[in-house]
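Each ligand, and each atom within it, is numbered from 1 in the order the structure gives.
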Amino acid sequence: MSSAIELAGVQHSYGDVTAVGPVDLVVPPGEFLVLVGASGCGKSTLLRLIAGFEQPTRGTIRTAGEPPVPGRGAGLVFQQPRLFPWRTVGGNVALALKYAGLPTDRVGELLESVGLHDVAHRRTWQISGGQQQRVAIARALAVDNPLLLLDEPFAALDALTRERLQEDLREVSARTGRTCVFVTHSVEEAVFLGSRVVVLTARPGRVALDLPVNLPRTGVSPSRLRALPEFAALRATVRSAFEELPV
Ligand SMILES: Nc1ncnc2c1ncn2[C@@H]1O[C@H](COP(=O)(O)OP(=O)(O)OP(=O)(O)O)[C@@H](O)[C@H]1O
Ligand SMILES: [Mg+2]
């Protein structure tokens, strides 16, 4: 079976600014890869390359063995929610299902999974920023794509909602076996979510640390998991890799 994602010598430049690379990464199916790195190091660029929205300046990218096709094979959650303001909350999720040729009767269930069933009929500008981001997550989960790419999806959320959604996402990924690439600035979030954490250098982002996270994916409560000594040790390893980077 081919890798879910394969980057070989990938580099990307905007004009004469090299944003990222060279990066080599092989992501097996079902992995939850978290990318951590300073602002501007090229994390969003890497996600856009994997989604097929940008072409690498150098190197090659394969998803499931093929060059990525934009809009196919990957669910995306962007740094900004990017919802359709003329549609309701439910309407935004229904559109994703319709676009994928799926029945729209799962809208309620999907909104329920992100705690938004009570605002299904509101317009997206009538809900908070955190709620908008949750609509974007429900929309990405709607279609059963093998790949889920998430760009700092929880950055604008309050601490409690953020933890709840982290727990939900961890559970969803363990249950569905989807391959996830998740971008964050938070070391704690990286270790909690990831089965593997990659720390990137400052721009142009390259792999500074590639760390497997061998914490249990199921059967342990989130609070017990966060309290494990292994959790603290992993957090310290990631943090010190960060601190050792030249600025
Ligand atoms: N469309 C663009 N045109 C020119 N330069 C760009 C473009 N998009 C990004 N860049 C530059 O490329 C670099 C990497 O940007 P990118 O958005 O990938 O960083 P990031 O790691 O996601 O940052 P942040 O954590 O702030 O979201 C930055 O220096 C940015 O200014
Ligand atoms: Mg970004």
Side-chain angles (χ1 to χ4, degrees), residues 5-25 27 31-63 67-68 70-71 74-83 129-130 132-137 139-140 147-159 161-162 165-166 169 179-194 196-211 235 238-247:
I5 307 169
E6 217 169 318
L7 308 186
V10 168
Q11 205 166 337
H12 189 74
S13 305
Y14 299 102
D16 50 13
V17 175
T18 304
V20 71
V23 170
D24 295 290
L25 266 181
V27 183
E31 184 135 81
F32 200 122
L33 174 69
V34 181
L35 299 175
V36 205
S39 182
C41 79
K43 303 180 296 298
S44 297
T45 303
L46 260 183
L47 279 196
R48 285 200 296 270
L49 288 164
I50 295 167
F53 294 139
E54 310 258 16
Q55 294 298 317
T57 314
R58 289 213 184 125
T60 54
I61 302 187
R62 295 281 179 275
T63 53
L76 286 137
V77 182
F78 300 96
Q79 239 171 319
Q80 305 298 328
R82 303 195 194 185
L83 305 175
Q132 289 178 15
Q133 199 54 288
R134 284 190 270 161
V135 179
I137 292 164
R139 188 176 58 180
L147 253 186
L148 199 52
L149 308 175
L150 307 108
D151 197 352
E152 298 188 48
F154 305 151
L157 302 174
D158 66 274
T161 310
R162 185 172 185 155
L165 287 181
Q166 286 170 355
L169 182 61
T179 310
C180 297
V181 184
F182 186 102
V183 167
T184 183
H185 284 118
S186 159
V187 172
E188 168 96 18
E189 182 165 82
V191 172
F192 181 76
L193 284 174
R196 175 179 177 189
V197 175
V198 164
V199 177
L200 295 171
T201 65
R203 185 175 66 80
R206 282 143 294 141
V207 175
L209 173 75
D210 190 342
L211 183 74
R235 210 173 39 193
V238 175
R239 194 171 295 281
S240 63
F242 233 138
E243 285 164 2
E244 281 161 21
L245 290 175
V247 271

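- Protein residues having a heavy atom under 4.0 Å from any atom of ligand 1 are Tyr14, Ala19, Ala38, Ser39, Gly40, Cys41, Gly42, Lys43, Ser44, Thr45, Arg48, Gln79, Glu152, His185, Arg203, listed by chain and number.
- Among all heavy-atom pairs drawn from Ile50 and Pro68, the shortest one is O-CB, 3.3 Å.
- At least one N, O or S atom of Ser44, from either the backbone or the side chain, sits less than 2.8 Å from the Mg ion (ligand 2).
- The CD atom of Glu6 lies 10.5 Å from the CG atom of Leu25; values are rounded to the nearest 0.5 Å.
- Here the straight-line distance linking atom CD1 of Ile5 with atom CD of Glu31 works out to 9.0 Å at 0.5 Å rounding.
- Taking the six-membered ring where the residue is Trp, the centroids of Phe192 and Phe182 are separated by 6.0 Å or more.
- Arg196 has a carboxylate O that lies under 4.0 Å from a charged side-chain N of Asp210, or vice versa, which qualifies the two as a salt bridge.
- Atom CZ of Arg48 is separated from atom CG of Leu149 by 12.0 Å, given to the nearest 0.5 angstrom.
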